[in-house]
Amino acid sequence: MMVRRVWALVLGALVLIAGAAHAADAPIIIKFSHVVVPDTPKGKGAQKFKELAEAALPGRVIVELYPNSQLYKDKEEMEALQLGSVQMLAPSLAKFGPLGAKGFEVFDLPYIFPDKAALRRVTDGPIGRDLLASLKSRGITGLAFWDNGFKIMHANRPLRLPDDMLGLKMRIQSSKILEAEMTALGASPQVLAFGEVYQALGSGVVDGTENPPSNMYSQRMHEVQKFATLTNHGYLGYAVIVNSKFWDGLPADIREALTQAVAASTAYVNELAERDNADALAAMKATGKTQFLTLTPEEHAAWVEALVPVQDQMAKRIGHPLLAAIRAAAAGQAPALADNVVPPAAAPATAETPLAKPVSSPLGADAGPLAVLAVLVAGLVALAALFARIPALDRLEETVIGGLIAAATLLIFVAVVQRYSLSGAAAGARFAADHGQPGVRAAALGAFKALRLVNLTWAQEACIYMFVWMAKLGAALGVRQGIHVGVDVLTNRLGEKSRRPVIAFALLAGAIFTGIIGALGAVFVAHLSQTDQTTPDLELPVWLIYLAIPIGSYLMCFRFLQVLFAYLRGGDLPGHGHAPVEVPGVTANEVPA
Ligand code: LMR
């Protein structure tokens, strides 16, 4: 007996040692996710990086590529990187604004870079370096800038002059600058993830969008767009980024080899991007599906005149010193900078800031005090449920939910009316122009401009957040009123005596589960509150939205306990209301009230 136990122990230890040795030898996996197809500048750059990294570090590093939004769409990929679910990305520069890295928004400004050389002076100089460094406080290490190209405008209508954009629904990336750009043209900007654009264009959800030719061609957008204009009004490029925690934790020799692989792939991408875009344009022209318009100098001047004011309009947001430095660099003058032009990060630049950690376990080692606090709150909730009936809380809950439903409904109604009125006024102005009625055109244009004074681009986002809060608070109300989703197949079949402990156990399990979610949510929100991440449209701090999780979950926990104590005391459960699910063989009156 004794000998057998010793053997079992020795065997167990050997298995453990073998496992540990295997883990130590296992190659480092770098998941590189992106949203374009492999045959694009970014797709080719990612492939080149994979080849170079794996050749330099055979058996030590494996780069897994996930192109074409296969793994994550635009916004999710940023979150995935911060949470450590992927290690590497190359998002377009427009996608850094919602992270709070507003300096990156300069790249979206219309007509800010006259050519690639001007752009290169910014990305390869101190401004580019400072911008990449500003990501550190978000748990992100910026490694390089990759090119795509200058954007063209396309739709199902010829766009010769800015006025032709009037009333068009144009897809944009989630960027306040691009929103201002489309608004300046009289179009209605619609934020959509890149992977959804082809479908949205084909089905008429949006009328058009802006893209470098390589993106338009590789997503087959030319098949669903009749006209494109070579406006070259703005730049689209990428920042190659990694999760800082992952990057800083790599052995120094591996990090060095990967840095070199990034540098070599950067040179490769930036060399081929222009050619790729020219090839894509030629290929689209050859299909004859889209008609490509080249602007006359007068038409070009009209686009410049309509769009350049957006630069000054956005100067406050981006920071005047940064904008001045970019303009100087773009114009070929040495920018008088450097260290203070890129807006500083909210948190100190260290990989140890909250989102630098993979948050697979929000209750990480340093979350101790927060976790204790969160659990304490859960304890207080339990105590309150034991002793208190709080009518004021009941009323507040109902008022807030009712208020949110009313506000969301009203907002949706107003936004829909405004959108239809805008399209009507724009269509009227175009019709009048086509039929030579300048007076009618001026009146319709006036109505259009007046309607545009009320900016409701944030309405959709606001409604989503209101629904999030409604759902969380509504779930707690559902528990209180006995209308929360429940499965009572088992309890309906049990006798009165055995039913009681099962119901009590189910209620207790509900309370424990929601209490745990409340505590985890509280810690997560505390972490988020230390970052300066904002929501894309309203630019509210994101923690404010996520606050619905701890508040709603604690409230549900409280309601579960309240129902449990009332049940244990008097045997009453809140009414199930109408329409319990029919169970074959069980008559309606067997279902507990
Ligand atoms: C877009 O969303 O339009 C671009 O960011 C896609 C890309 O990554 O090139």
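Both ligands and their constituent atoms are indexed starting at 1 by order of listing.
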Handout entry: Heavy-atom check, side chain of Ile318 versus side chain of Lys102, under 4.5 Å
Key = no
Practice task
Consider only side-chain N and O atoms of Thr183 and Glu181, and report whether a donor and an acceptor are under 3.5 Å apart.
Solution key: no
Handout entry: Arg138 and Gln533: side chain donor to acceptor below 3.5 Å
Key = no
Handout entry: Residues Thr40 and Ser218: side-chain donor-acceptor under 3.5 angstrom
Key = no
Exercise for the section: Go through the structure and list residues passing side chain to side chain contact (heavy atoms under 4.5 Å, CB included) with Glu256, not counting sequence neighbours. Expected result: Gln260
Exercise for the section: Assess the side chains of Asn277 and Asn148: does a donor N or O sit below 3.5 Å from an acceptor N or O? Expected result: yes
Handout entry: Per-ligand residue contacts, ligand 1, heavy-atom threshold under 4.0 Å
Key = Val35, Val36, Lys42, Asp74, Ser92, Lys95, Arg171, Gln173, Phe194, Asn215, Leu236, Tyr238
